[in-house]
A.B. asks: 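Let me begin by handing over the structure; questions about it come next.
Note that the numbering runs from 1 along the sequence shown for the chain.
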Amino acid sequence: MSNSKKHQRWIDEIIKALVELGLEVTDDRKSKYRIIKGFIDGKPFQQRFSTTPTSYVGSARSILGETKKKLRACGVDVDKINNSLPMMHFLTKELIEEQNREKKYQ
């Protein structure tokens with residue numbers, strides 16, 4: 001599997017967990033971004049995910065940092081999310097793939 005597909009699947013897992021918090025996803029086809037926005041505890045939350053990053057490693061680091069920062073600004077306990085939402089681990093793509101492989105063999 002190419003790095004692009006791995007990266008997009010990893011982003012999909014993070015977006016899925018954010019949607020479970022009550023946020024909505026929109027695609028901005030003009031600028032090739034997926035945008036997730038809404039309100040968490042009455043505070044606005046908006047984040048953009050590039051569909052064509054120049055560096056997958058840099059993009060992943062940026063996404064993790066930005067997501068944690070914005071969730072904390074909305075008053076969300078990131079450690080609590082890690083325990084309650086398994087797909088929002090804020091871990092690497094490799095660990096998510098390993099979890100998927102384990103599910104296959106069960």
Side-chain angles (χ1 to χ4, degrees):
M1 183 181 302
S2 71
N3 285 338
S4 175
K5 287 182 182 179
K6 287 180 187 178
H7 185 74
Q8 286 305 316
R9 286 172 66 201
W10 178 73
I11 287 176
D12 290 342
E13 296 292 334
I14 291 178
I15 288 175
K16 180 180 173 183
L18 289 172
V19 167
E20 289 179 14
L21 291 174
L23 301 172
E24 297 178 6
V25 179
T26 59
D27 290 334
D28 186 356
R29 304 255 181 226
K30 191 173 185 180
S31 62
K32 296 185 180 180
Y33 282 97
R34 292 176 70 190
I35 301 170
I36 187 161
K37 58 185 172 179
F39 290 90
I40 299 176
D41 294 334
K43 297 179 183 175
F45 181 96
Q46 181 173 350
Q47 187 170 355
R48 296 180 347 167
F49 298 91
S50 175
T51 58
T52 57
T54 53
S55 166
Y56 298 112
V57 174
S59 174
R61 285 185 188 144
S62 174
I63 288 169
L64 291 176
E66 185 178 355
T67 303
K68 285 181 180 181
K69 179 181 174 183
K70 288 184 177 190
L71 286 173
R72 285 186 183 122
C74 290
V76 175
D77 184 10
V78 176
D79 295 327
K80 191 175 182 180
I81 287 179
N82 286 340
N83 295 331
S84 64
L85 295 174
M87 290 304 170
M88 189 80 159
H89 279 293
F90 295 116
L91 299 174
T92 62
K93 295 176 282 196
E94 290 79 16
L95 289 175
I96 291 173
E97 289 172 3
E98 182 180 320
Q99 289 174 352
N100 291 337
R101 272 184 261 141
E102 289 174 3
K103 287 180 187 177
K104 273 186 179 179
Y105 296 116
Q106 290 178 353

A.B. asks: Verify, without hydrogens or angle tests, whether Ser62 (side chain) and Gly58 (backbone) share a donor-acceptor contact under 3.5 angstrom.
C.D. replies: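 Here the side-chain-to-backbone pair does not exist.
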
A.B. asks: Can you measure from CD (Gln46) to OG1 (Thr26) and round to the nearest 0.5 angstrom?
C.D. replies: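 If we round to the nearest 0.5 Å, Gln46:CD and Thr26:OG1 are 7.5 Å apart.
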
A.B. asks: Indicate the atoms forming the closest heavy-atom contact of His7 with Ala60, along with that distance.
C.D. replies: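 Answer, listing the atom of His7 first, then Ala60: CE1-N, 4.0 Å.
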
A.B. asks: Nearest 0.5 Å please: distance from the CG atom of Leu21 over to the CZ atom of Phe45.
C.D. replies: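 Those atoms lie 8.0 Å apart.
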
A.B. asks: Should Ile36 and Phe39 be regarded as members of a common hydrophobic cluster, given that ILVMFWY residues are connected when their side-chain heavy atoms come within less than 4.5 Å of each other, either directly or indirectly?
C.D. replies: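 No, it is not one cluster - the side chains of Ile36 and Phe39 are not joined through contacts under 4.5 Å.
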
A.B. asks: Identify the heavy atoms of Cys74 and Pro44 that sit nearest to each other, and give their distance.
C.D. replies: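 Taking every non-hydrogen atom into account, SG-O, 3.8 Å.
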
A.B. asks: So Gln47 and Leu71, do their side chains get closer than 4.5 Å, heavy atoms only?
C.D. replies: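 Not touching, per the 4.5 Å side-chain cut-off.
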
A.B. asks: Could you give the distance from OG1 (Thr52) to CD (Gln8), rounded to the nearest 0.5 Å?
C.D. replies: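 So the gap between those two atoms works out to 9.0 Å.
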
A.B. asks: Report the distance from atom CD1 of Ile63 to atom CZ of Arg48, rounding to the nearest 0.5 Å.
C.D. replies: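 Answer for the CD1-CZ pair, Ile63 versus Arg48, is 11.5 Å.
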
A.B. asks: To the nearest 0.5 Å, what is the distance between CH2 on Trp10 and CD1 on Ile15?
C.D. replies: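 Rounded to the nearest 0.5 Å, the CH2-CD1 separation comes out at 10.0 Å.
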
